[in-house]
2 protein chains.
Amino acid sequence: MAKRINPSDPTPAYLQIAGDLRRAISDKELEDGDQLPSLRSLMADYGAASGTVRQALDQLQNEGLIIARQGQGVFVRMPRRLERRGTKRHLRSARPSATAPLEAEAQAQGFVRGQQLLEVATVPAPESIAQRLGIEPGTQVLVRRHLLTLDEEPAQLADSYFHVAQVEGSRIARNEKIPGGVHAELASVLGTPLTHASEELIARMPTPGEAIELRLPRGTPVVELLRTIYASDDPVEATRFLFDGSRHTFTYDVPLD
Amino acid sequence: MAKRINPSDPTPAYLQIAGDLRRAISDKELEDGDQLPSLRSLMADYGAASGTVRQALDQLQNEGLIIARQGQGVFVRMPRRLERRGTKRHLRSARPSATAPLEAEAQAQGFVRGQQLLEVATVPAPESIAQRLGIEPGTQVLVRRHLLTLDEEPAQLADSYFHVAQVEGSRIARNEKIPGGVHAELASVLGTPLTHASEELIARMPTPGEAIELRLPRGTPVVELLRTIYASDDPVEATRFLFDGSRHTFTYDVPLD
DNA sequence: AAGTGGTCTAGACCACGCC
DNA sequence: GCGTGGTCTAGACCACTTC
């Protein structure tokens, strides 16, 4: 490693230090989980003040390359990603109830997947949901909130919204898991199959509240995904997903012509 | 605004300051483009040292909420997003040459879209591309590199890779724009239509180099999208897109059953 | 107790944009 | 010239983890 600041280089010292460390990581001198030199030893190595070295480490944290753990040290961080298939996936009105397909998919990729039903409630529809369900904002809707984990770590929030009139009295409106899956249940309650869905994704930085819910370290973007499910062109479910962006990849099939 | 640090609150002072400013933004006291109080006036307001106020502003920059411009001030930042449709989009082997569909789409959304062909070259295939084209890494492939702009600002990089044998001698291999579009040309060169594509997206923070190429302020994630185009199950093109995550949304249609 | 990262001070000086 | 943000110092003290 360079361990020297070049004063004739106009690059700020903290970026020179960050650059040295970044190169060490991309050259695999330091790999996932490895500990970086301590803040104090970097100060000594480079002859820099603590604030300067901190800036360098902050920079790399914000790039998502390292994670600092108080009392322990600073470590390289390169999490694996779960592939989420947007097509030919789990969305089937008739579903083999052996093992849930999402479960199997995660297992095949070597993850332990967990799912918690956090809440079932009736609430006024948020703007983005109302728009997609084709109702006025503020109309009462039923919401089922889930938290999903990968390898025991929170990785995804999913809030699914339904028209109250369509699901009241059904298992969907009760605070309990639905063994065959919500979509099979929804199709059966409606008496028509679910025909298609549309998905809209954006990437952004999390709000502080979201960062806490998903336990996101600095430098981790989230992917917000809005999925609308239709039965014969009528929107029957709208779900707002919030994914840990560092631990997912999203795939879609696109037919041409 | 609060303008006061509560010493009995265990929340660090810089997060209290950031919280005050964040609330002002989300409550629309400060809107897109508005200038925040200067660093020095915040120091005076809160009775905090410069470093502390800077930490607060850094925090908000990393959330993508504000942008600091040296010599000018700190401003609220909420850019609009271009919708990129993953389905029924521009990918047609026969394409009406009136106005390019992507162009029309951007215009309909009120953006001025620009496109530059940066380079056409033959290079060894990067790992991720080789994998998707079904060839050995390092095999020579033809690449066409584009930079796309929205409202005169760089917003997207796109590197499209082709099998050398399939495109040599065609207009695709020459350093010039292709009026009817690359895909119509590719289908005609191959003598078969393009049948389908797959897209894989990840969200992450940019490398410093990428941040410069796309002129990304701090707190802006990128979306890296790998698209593979097939003609009868044979991969014929692989493109690596890099989007300014703050200025795009991605939409897909998902058929069910 | 010793070592780690996290916060904060009270400055100095630099670089940039605008009038 | 003046006001803006950007970098940096040389510390102090706090919070957390490990032994």
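All values derive from a computational prediction rather than experimental measurement. Below, chains carry the letters A, B, ... as their sequence lines are ordered, and counting in each starts from 1.
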Contact nearer the 5' end of DNA chain C, comparing B:T52 with B:Q72: B:T52

Whole-Å distance separating the CG atom of A:D58 from the P atom of D:dG6: 14 Å

Distance-only polar pair, side chains of B:Y252 and B:E199, donor-acceptor under 3.5 Å: yes

Interatomic distance where CZ belongs to B:F75 and P belongs to C:dG17 [whole Å]: 12 Å

Rounded distance (Å) that lies between atom P of D:dC14 and atom OH of B:Y14: 18 Å

Atom pair distance, as rounded to whole Å: CG in A:L42 and P in D:dT9: 13 Å

B:G71 or A:R40, whichever maps to the more 5' nucleotide of DNA chain D: B:G71

Side-chain ion pair, B:D151 and B:R80, N-O less than 4.0 Å: yes

Short side-chain donor-acceptor distance under 3.5 Å, A:S198 and A:E200: no

Contact nearer the 5' end of DNA chain C, comparing A:L39 with B:T11: A:L39

Nearest-Å distance for atom pair CG/P, residues A:L57 and D:dC8: 14 Å

Phosphate contact (C:dG6 OP1 or OP2) by A:R54 side-chain N/O below 4.0 Å: yes

B:Q55 and B:Q59: side chain donor to acceptor below 3.5 Å: no

Touch class at under 4.0 angstrom, heavy-atom based, for B:R69 against every strand present: sugar-phosphate

Check: D:dG5 base within 3.5 Å donor-acceptor of B:S38 side chain: no

Distance, rounded to the nearest Å, where A:D9 contributes CG and D:dC8 contributes P: 11 Å

